[in-house]
Amino acid sequence: MKRNTGKTKQRPQIFSSARLIATILAILVLIGATGCLNSSSPVKGNVTGKVFDTNGKALFEARVEIYGANQGVLTDALGRYSLVGIDPGEKKLVATYEDQSVVKIVTVPRGDTLENADITFSVVDGLPPVITDVMTQNLTENTVDIVWKTNEPADSYVDYAAGPIGLSYTDIASDTSMVSDHKITLSGLLPGKTYHFRVRSFDFERNEGVSSDYQFATPSGAPPVVPLNFAIRSPNVMEKLTLTWTGNSESDLAGYNLYRSTSASGPFTRVNANPISTGNDASGTFTYEDEGLKIAVKYYYQLKAVDVAGNESASTQTLSVVTPGTLAENRTWALAESPFTIQGDIRVRGGAVLTIEPGVEVRFTRSDSMPDPQGASMTDLIIQGGLMAIGSENKRIVFTSAESFPRKSNWGGIAFIGTNQAENMLRYSTVMFADQGVKSEGSTPSVENSEFGLCGIGLNIGLSTALNVRFNTIRDCDIGIISSNSNIRNNLFIDNQTGISILGNDYFENNTVDCLIGVQVDFGNPIIRNNIIAYTGSTKAIYGISQTQALATPTMSFNDIYNYTFAFNGTSATGTANIEVDPLFIGGSPYDYHLQTVAAGYASNSPCLTAGENGVQMGRYGP
């Protein structure tokens, strides 16, 4: 092998330079790549804006974020926010403030910024509406408009009531429309009345604004005219009355109000709940039935027309009526409500008592509007319970006819039927124009200090035992008394056709009789004693004592029988110690049946002063 020991030629180092260049280029590429990672990518976008409430107030520290991404910021004091580096496309921005959230849909631009992406929150309003300009408009008798303004949309309420400011509110009118100019119409008001009110409004957040109190007065208006021909029909059923009147012609008439009271001085209470607008016939006459009434009560009625405005006419005249029927409870007829006009039978049932105060006048119609099944066609007061008619010398109770021109037997009378109640007394009473003033069947009424005049029969007690029939005056009747087994004492019989008809074992004592026929004995064994039977007419009367039946056996003694054609008729026995002399009444006008005495200035004493049994005074004013 040949070794080269000489100098050799060196080749250029091309490959080493190439490696260096490649290395440098790699480094540069790497550096470029690293720089790109530290700069914004041209494919991202940004969003900026502000967060406000609906009043335009910027909200501080509201959080704004991209929905579904962990990317969010807080607003600054001016409500601004800025989100950067957001993938482009449609995104949901979620803003949260004081536990409320608002979502806004935005489109993020590629490589650019979306500005003014503002987000608005509804205001949480804590302030009530401000109410101003409250006033009334279009005031009429029945309506008024209440108007006011608020500084924001709100609904409308009016609280109101009759009366001045300071009273409670009783009614509400409202409108739920959300407006700033408010109007509520109040209707159904009464004319001539004062009302007070206030207004209220709620905004969308239900904040309430309330006004001060105000008041107004409705005008009175013109009332309807008084209804004509107001009348009460004669009652023909129990517990109900029928009232009639002629209808008014006003175009704005609402109807009629009927008022009732049990006292002439009131108070009167309205019977109908709503104005009476129906019940008229073709002629325009209205008919109304008032039901559920009590028996033997005097009711007073007034009628007023009323228009749609609530204006009432003046009242009709006050009418009154006493309800007939069967009385099953105690009742008192007071002097303050006298007179009492009875148009149909009143029957006081057993156990009940009718009490009549002194001074009361009771008037009876001839025709009975509700005839009792057992009675006649004339009006009666029928007592099966009790009647306490106790007047006084200065305040007598009067039972008489209701007719304008009464005459004898114009009404039935007072009938006691089958009652032995202790509360059956007629004292200081006057019974006039009855068919039978008092009739008693199986009863024991006490009749004292009373007067009976112009009756068919003053007292018919032939079928009863009537105790204490005394100190009464019976005059101008066909028959003064029909009696059987009664005690008839100290009574005065004047100008009756027959003073008394006796049917039984009566005691007829110390009476004064001035009649065509003094005493008629039909049956029985009566005691007739200490009476003055004297006719004061200018001619002789017929019979003093007349016995009509042979079987009758009267005992007649110590009587003065004067100025009769026949002092005794139909009896052979005249009795003991009877006399036939002028009794010397005081006389005069009105005629006084007291006896003359020397002590009183007369020429002589009456022979009857001491001619009675045991020397007592005869007649009405004896013992």
Side-chain angles (χ1 to χ4, degrees), residues 393-394 396 427-432 437 447-455 458-459 468-481 483 487-502 507-520 528-545 556-564 567 577-613 615-623:
E393 286 193 51
N394 298 324
R396 304 185 73 88
R427 306 273 176 86
Y428 293 103
S429 298
T430 298
V431 183
M432 301 287 291
V447 184
E448 297 184 7
N449 297 104
S450 295
E451 296 180 357
F452 298 83
L454 290 167
C455 299
L459 291 89
N468 300 320
V469 180
R470 58 183 186 172
F471 306 120
N472 303 290
T473 298
I474 305 97
R475 64 189 310 154
D476 299 307
C477 301
D478 292 337
I479 301 175
I481 295 178
S483 178
N487 302 309
I488 314 299
R489 295 187 172 97
N490 300 100
N491 299 284
L492 181 60
F493 298 80
I494 305 170
D495 292 333
N496 305 291
Q497 292 186 31
T498 298
I500 183 170
S501 174
I502 297 176
Y507 283 87
F508 188 75
E509 299 177 306
N510 286 100
N511 301 284
T512 296
V513 182
D514 181 4
C515 303
L516 288 175
I517 298 176
V519 177
Q520 180 171 296
I528 304 172
R529 181 168 51 201
N530 290 341
N531 302 288
I532 299 174
I533 305 171
Y535 185 64
T536 59
S538 58
T539 59
K540 288 182 178 292
I542 306 174
Y543 304 123
I545 299 175
M556 303 168 287
S557 58
F558 299 97
N559 301 289
D560 181 14
I561 305 171
Y562 176 71
N563 203 26
Y564 284 90
N578 296 301
I579 60 176
E580 298 183 33
V581 296
D582 186 347
L584 296 180
F585 297 128
I586 290 177
S589 181
Y591 201 88
D592 187 347
Y593 286 89
H594 283 85
L595 301 178
Q596 296 179 17
T597 64
V598 172
Y602 292 95
S604 60
N605 289 321
S606 166
C608 298
L609 287 172
T610 58
E613 187 177 34
V616 301
Q617 180 177 324
M618 293 177 172
R620 160 71 175 81
Y621 304 104

**Q** Measure the CG-CG distance between N578 and N559 for me, rounded to the nearest 0.5 Å.
**A** 5.0 Å
**Q** Take a 6.0 Å sphere around OH of Y507 and say whether it holds more than 12 heavy atoms from other residues, nucleotides or ligands.
**A** no
**Q** Do N510 and N490 have side-chain N/O donor and acceptor atoms under 3.5 Å apart?
**A** no
**Q** C455 and V431: which non-hydrogen atoms are nearest, and at how many Å?
**A** SG-O, 3.8 Å
**Q** What is the distance from atom CZ of R470 to atom CZ of R620, rounded to the nearest 0.5 Å?
**A** 10.5 Å
**Q** Would you say the side-chain atoms of N531 pair up with the backbone N or O of I533, donor to acceptor, closer than 3.5 Å?
**A** no
**Q** Quick one: closest heavy-atom pair of F558 and A611, and the distance?
**A** CD2-O, 3.6 Å
**Q** Give, for atom CG of N496 and atom SG of C515, the distance between the pair rounded to the nearest 0.5 Å.
**A** 4.0 Å
**Q** For the side-chain contact (heavy atoms from CB on, under 4.5 Å) test, which of N530, I545, I488, I481 pairs with F508?
**A** I488
**Q** Indicate yes or no for a side-chain donor-acceptor contact from S606 to the backbone of P583 under 3.5 Å, with no hydrogens or angles considered.
**A** yes
**Q** Going from CZ on F452 to CG on D476, what distance comes out if it is rounded to the nearest 0.5 angstrom?
**A** 14.0 Å
**Q** Is the side chain of D514 donor-acceptor paired with the backbone N or O of D495 at a distance under 3.5 Å, no angle test?
**A** no
**Q** Please step through side chain to side chain contact (heavy atoms under 4.5 Å, CB included) for the pair F493 and T498, ending with a clear verdict.
**A** CA-CA 9 Å; F493 298 80; T498 298; over 6 Å; no
**Q** Nearest heavy-atom pair of V581 and P607: which atoms, and what distance?
**A** CG2-CG, 3.6 Å
**Q** Would you please test L459 and I474 for side chain to side chain contact (heavy atoms under 4.5 Å, CB included) and show each step?
**A** CA-CA 9 Å; L459 291 89; I474 305 97; 3.9 Å; yes
**Q** For a side-chain contact (heavy atoms from CB on, under 4.5 Å) with Y593, tell me which candidate from I532, T536, T473 qualifies.
**A** T536
**Q** Stepwise, does the side chain to side chain contact (heavy atoms under 4.5 Å, CB included) test hold for L584 with S604?
**A** CA-CA 9 Å; L584 296 180; S604 60; 3.7 Å; yes
**Q** Rounded to the nearest 0.5 Å, how far does CG of N449 lie from CG of N472?
**A** 7.0 Å
**Q** Between F585 and Y562, is the ring centroid distance below 6.0 Å?
**A** no
**Q** At their closest point, which heavy atom of K540 faces which heavy atom of N563, and how far apart are they?
**A** CG-OD1, 3.3 Å
**Q** Where is the tightest heavy-atom contact between S429 and R396, given as atom of each residue plus distance?
**A** O-NH2, 3.4 Å
**Q** Mind running side chain to side chain contact (heavy atoms under 4.5 Å, CB included) on M618 and I579 for me, showing each step along the way?
**A** CA-CA 11 Å; M618 293 177 172; I579 60 176; 4.2 Å; yes
**Q** If you round to the nearest 0.5 Å, how far is CG of D560 from SG of C608?
**A** 4.0 Å
**Q** For N491 and R489, which heavy atoms make the closest approach, and how far apart are they?
**A** ND2-O, 2.9 Å
